[in-house]
Number of protein chains: 2
Amino acid sequence: MSENVGRWLRDEIENSILSNEFSPGERLDETVLATRFGVSRTPVREALMQLDAIGLIEIRPRRGAIVIDPGPHRVYEMFEVMAELEGLAGSLAARRLDKASREAITATHSRCEQSAAAGDSDAYYYDNEEFHKAIYAAGRSEFLEEQCLQLHRRLRPYRRLQLRVRNRLSTSFSEHCAIVDAIFAGDGDEARRLLRAHVGIQGERFSDLVASMAAR
Amino acid sequence: MSENVGRWLRDEIENSILSNEFSPGERLDETVLATRFGVSRTPVREALMQLDAIGLIEIRPRRGAIVIDPGPHRVYEMFEVMAELEGLAGSLAARRLDKASREAITATHSRCEQSAAAGDSDAYYYDNEEFHKAIYAAGRSEFLEEQCLQLHRRLRPYRRLQLRVRNRLSTSFSEHCAIVDAIFAGDGDEARRLLRAHVGIQGERFSDLVASMAAR
DNA sequence: GTCAATGATCGTGTATACAAGAATTGCGTT
DNA sequence: AACGCAATTCTTGTATACACGATCATTGAC
C-alpha cells in the first residue's frame with residue numbers, strides 16, 4: 001500500500017478501469033469509492049484528479065467523474081501513435097544496442113516463441129509485453145521509454161483482445177523474428193518499418209478490433 | 001477563473017513553471033502557494049497532483065513537490081519524440097488534407113513569412129506555434145493532436161530559446177516552405193521526413209540548445 | 001571539535017465539516 | 001395526463017483541523 005493512500009488509490013482505480021471493472025461511461029462516485037476503499041474522500045479526489053490528467057477519466061465540473069470511452073476510432077488513433085513511438089524505439093535500439101539489451105531482447109523473444117508454439121495466448125500476452133518493453137529499454141531514451149510504457153498500459157486491454165484473433169499468435173511471432181533480425185543487424189529503418197507495421201492496426205485488423213470491442 | 005479553482009491553479013502553476021518563474025529544482029510549498037493565490041491548501045494539492053501526473057513536477061511522499069529539471073539530455077529526448085509525432089501528423093495531413101486545413105496552414109504559413117521577413121523573433125515564435133498546430137489539426141487524429149499539443153507545451157520554452165540562435169528564423173521558414181509543399185503535394189513520406197528534420201535537434205543544434213539552457 | 005542522538009518545529013497526508021450547485025422528485029397547474 | 005416549477009436531496013468543491021513523518025537545530029558525548 002505504497003506509503004501513500006492517494007498513489008495507491010490511483011493505481012487501484014486505474015487497474016479497475018483498465019481491467020474493465022469500471023466500464024467506460026460509468027460514473028465514479030467519490031463517496032462510494034471512499035467507503036469501498038475504506039478511506040476518506042480526500043485521497044479519492046486526488047487519485048481522480050491524476051487519472052483525469054492522464055486522460056483515463058473526465059471530471060466535469062460539479063458533475064462528477066466518468067470513465068472515458070475511447071471508442072474504436074480513438075483506439076485506432078492511439079495504436080497509430082503507439083506504432084510510431086515503438087518504431088522510433090526500434091530504430092534507436094538498432095543503433096544503440098548493447099550487450100545487456102541484446103540479451104534481454106533474446107530472452108523475451110524466445111519466451112514468446114515457447115508460448116506461441118504452445119498456443120497459450122495468455123502466456124504469450126504476457127511475454128509479448130515483456131518483449132516490447134525490452135525494445136523500449138534498448139532504445140536508451142528514458143523519455144521515450146516512459147511514453148511507450150504509459151501508452152502501452154492504456155492499450156493493454158485491447159492488445160489482449162487482439163491476440164484472441166485466429167492465427168494472430170503465429171503471425172505476431174514471425175513478425176517478432178523479423179524485428180529482432182533488423183535490430184540485431186543494426187538496420188534502424190527496417191526495424192522502424194517492421195515495428196510500425198507490427199503495432200499499427202491496418203486493414204482487416206481494425207474490423208477485428210471493432211468486433212472484439214463490441215463483444216465485451 | 002474557469003469555475004474551478006483547482007483547474008485554474010493547475011494552469012496558473014503550469015504557466016509559472018513553463019515561463020521559468022518557478023525554476024527547476026525549486027520546492028513548491030503548498031502553504032505558500034495557497035496564500036499566494038488566496039485559496040486553501042486543498043485545491044493547491046489537487047493542482048500539484050495533476051502536474052505530477054503530467055510530469056512537470058515530482059511529488060516525493062512527505063517531502064513536498066519540486067519542479068522537475070529535465071536537463072539537456074532529456075530535453076533532447078523529448079524533442080526526438082516530438083519530431084516523431086510531428087512527422088506522423090505531417091504524413092497524415094498530407095494524406096487527409098481538406099480545404100479548411102489547407103487554408104489554415106496557408107494562413108499561418110504566410111504569417112510566419114511576414115514575421116521572418118521582419119526579423120521579429122517574438123512574433124515568429126507565436127506564428128510558428130500556430131503553424132505547427134495547424135499541421136497537428138490537419139492530421140485529423142484527435143489523440144495525436146492532443147499528444148502533440150501537450151508535448152509542444154512542455155517544450156515551448158526551449159523552442160523559444162532556439163529561435164534566438166543566429167539565422168534560425170530564415171532557416172526555419174525555408175524548412176516550413178518545403179514542408180508545406182510536401183503536404184500540399186500529398187507526399188506523406190516527404191512531409192514526415194522534413195518535419196522530423198525540422199523539429200529534431202541534430203548536430204550543432206544540440207549544442208545551441210545546451211548553450212541557451214545554460215544561459216538562463 | 002566533530003559527530004550523533006534527541007527533541008522541537010515545520011510541512012505534508014488524511015479526515016471531516018461546511019457551502020454551493022446540480023439532479024430529482026413531487027406537487028400544482030393547464 | 002402531461003408539463004413546468006419549486007423544494008429537497010445528493011454530490012461536488014473548498015476550507016479547516018488534526019496527526020504523523022521529516023527536517024533541522026541543539027545538546028551531550030567521545
Side-chain angles (χ1 to χ4, degrees), chain A residues 1-18 20-70 150, chain B residues 1-18 20-70 150:
Chain A
M1 180 153 149
S2 143
E3 178 66 57
N4 184 313
V5 182
R7 290 302 162 90
W8 170 66
L9 273 177
R10 171 170 62 78
D11 296 340
E12 206 68 23
I13 299 176
E14 180 178 347
N15 286 335
S16 299
I17 292 174
L18 291 182
N20 217 37
E21 191 176 338
F22 297 137
S23 332
E26 185 175 341
R27 176 135 165 276
L28 298 177
D29 188 304
E30 297 177 359
T31 312
V32 172
L33 289 172
T35 54
R36 165 172 174 166
F37 289 106
V39 297
S40 84
R41 272 180 53 221
T42 307
V44 172
R45 299 201 88 234
E46 296 186 338
L48 292 181
M49 311 252 38
Q50 291 186 70
L51 294 176
D52 178 75
I54 293 175
L56 265 177
I57 67 174
E58 184 188 346
I59 298 182
R60 301 160 303 173
R62 294 260 174 216
R63 299 186 57 205
I66 57 169
V67 179
I68 283 193
D69 179 9
Q150 191 177 323
Chain B
M1 183 155 148
S2 142
E3 177 65 55
N4 184 311
V5 182
R7 291 301 163 90
W8 171 66
L9 272 177
R10 172 171 62 79
D11 296 340
E12 207 66 23
I13 299 175
E14 181 178 347
N15 286 335
S16 300
I17 292 174
L18 291 182
N20 218 36
E21 190 177 337
F22 296 135
S23 332
E26 185 175 340
R27 175 132 168 277
L28 298 177
D29 188 306
E30 297 177 357
T31 313
V32 172
L33 289 172
T35 54
R36 165 171 173 166
F37 290 105
V39 297
S40 86
R41 272 179 55 220
T42 308
V44 172
R45 300 201 86 233
E46 297 187 337
L48 292 181
M49 311 250 44
Q50 292 185 71
L51 293 175
D52 178 75
I54 293 175
L56 264 176
I57 67 175
E58 183 188 347
I59 298 182
R60 301 160 303 175
R62 291 260 174 212
R63 299 184 56 206
I66 58 169
V67 179
I68 283 192
D69 179 8
Q150 191 177 323

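Within every chain, numbering begins at 1; the chains are lettered A, B, ... in the order of the sequence lines, protein sequences first and strands thereafter.
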Nearest heavy-atom neighbours spanning [X] and [Y]:
{"X": "B:I13", "Y": "B:A47", "result": "CD1-CB, 4.3 Å"}
{"X": "B:R27", "Y": "B:I66", "result": "CA-CG2, 4.1 Å"}
{"X": "B:V67", "Y": "B:S23", "result": "CB-O, 3.5 Å"}

Taking A:E21 first and then A:R36, would you say they form a salt bridge - that is, a charged N and a carboxylate O separated by under 4.0 Å?
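Judged by the 4.0 Å cut-off on N to carboxylate O distance, A:E21 and A:R36 do form a salt bridge.
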Calculate the interatomic distance between [X] atom [atom1] and [N] atom [atom2]; express it in whole Å.
{"X": "A:R60", "N": "D:dT12", "atom1": "CZ", "atom2": "P", "answer": "10 Å"}
{"X": "A:R62", "N": "C:dA23", "atom1": "CZ", "atom2": "P", "answer": "12 Å"}
{"X": "B:L28", "N": "C:dG13", "atom1": "CG", "atom2": "P", "answer": "13 Å"}
{"X": "A:R45", "N": "D:dA15", "atom1": "CZ", "atom2": "P", "answer": "12 Å"}
{"X": "A:E46", "N": "D:dG13", "atom1": "CD", "atom2": "P", "answer": "14 Å"}
{"X": "B:L33", "N": "C:dT12", "atom1": "CG", "atom2": "C1'", "answer": "13 Å"}
{"X": "B:R10", "N": "D:dG13", "atom1": "CZ", "atom2": "C1'", "answer": "16 Å"}
{"X": "A:D29", "N": "D:dT9", "atom1": "CG", "atom2": "P", "answer": "18 Å"}

Determine, stepwise, if the pair B:L28 / B:L33 fulfils side chain to side chain contact (heavy atoms under 4.5 Å, CB included).
CA-CA 7 Å; B:L28 298 177; B:L33 289 172; 4.0 Å; yes
Residue whose nearest DNA chain C nucleotide is more 5′ - A:P43 or B:E30:
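The residue mapped nearer the 5' terminus is B:E30.
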Distance-only, no hydrogens or angles: does the B:D29 side chain make a donor-acceptor pair with backbone N or O of B:V32 under 3.5 Å?
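Yes, the answer is positive, given that a donor and an acceptor are paired below the 3.5 Å cut-off.
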Donor-acceptor check, side chain of A:D52 to backbone of A:I59, threshold 3.5 angstrom: yes or no?
yes
Passes side chain to side chain contact (heavy atoms under 4.5 Å, CB included), B:E30 versus B:L48? Steps please.
CA-CA 9 Å; B:E30 297 177 357; B:L48 292 181; 3.9 Å; yes
Does any N or O donor sit under 3.5 Å from an N or O acceptor when you compare the side chain of B:R41 with the base of C:dG11?
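A donor-acceptor contact between them is absent.
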Decide yes or no, distance alone: a donor-acceptor N/O pair under 3.5 angstrom between the base of D:dT12 and the side-chain of A:T31.
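Between D:dT12 and A:T31, which were checked side chain against base, a qualifying N/O pair under 3.5 Å is absent.
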Selected nucleotide, minimal atom distance to B:S40 side chain, candidates C:dT16, D:dG13, D:dA15
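It is D:dA15.
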[X] side chain N/O closer than 4.0 Å to the phosphate oxygens (OP1, OP2) of [N]?
{"X": "A:N4", "N": "C:dT14", "value": "yes"}
{"X": "B:R27", "N": "C:dT12", "value": "yes"}
{"X": "A:T42", "N": "C:dT14", "value": "no"}
{"X": "A:R63", "N": "C:dA23", "value": "yes"}

Report the C-alpha separation of B:L9 and B:V44 in whole Å, then their side-chain angles, then the decisive distance to 0.1 Å, and conclude whether the side chain to side chain contact (heavy atoms under 4.5 Å, CB included) test is met.
CA-CA 7 Å; B:L9 272 177; B:V44 172; 3.8 Å; yes
Given the rule in the side chain to side chain contact (heavy atoms under 4.5 Å, CB included) test, do B:E12 and B:R10 qualify, once you have shown the distances and angles that lead to the verdict?
CA-CA 5 Å; B:E12 207 66 23; B:R10 172 171 62 79; over 6 Å; no
Quick check on the helix from C:dG1-D:dC30 to C:dT30-D:dA1: what's the angle between its two end axes, five base pairs per end, to the nearest 10°?
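Roughly 10° between the end axes, to the nearest 10°.
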Where along residues 48-56 of chain A does a heavy atom come under 4.0 Å from DNA chain C, residue by residue in number order?
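Nothing qualifies; none.
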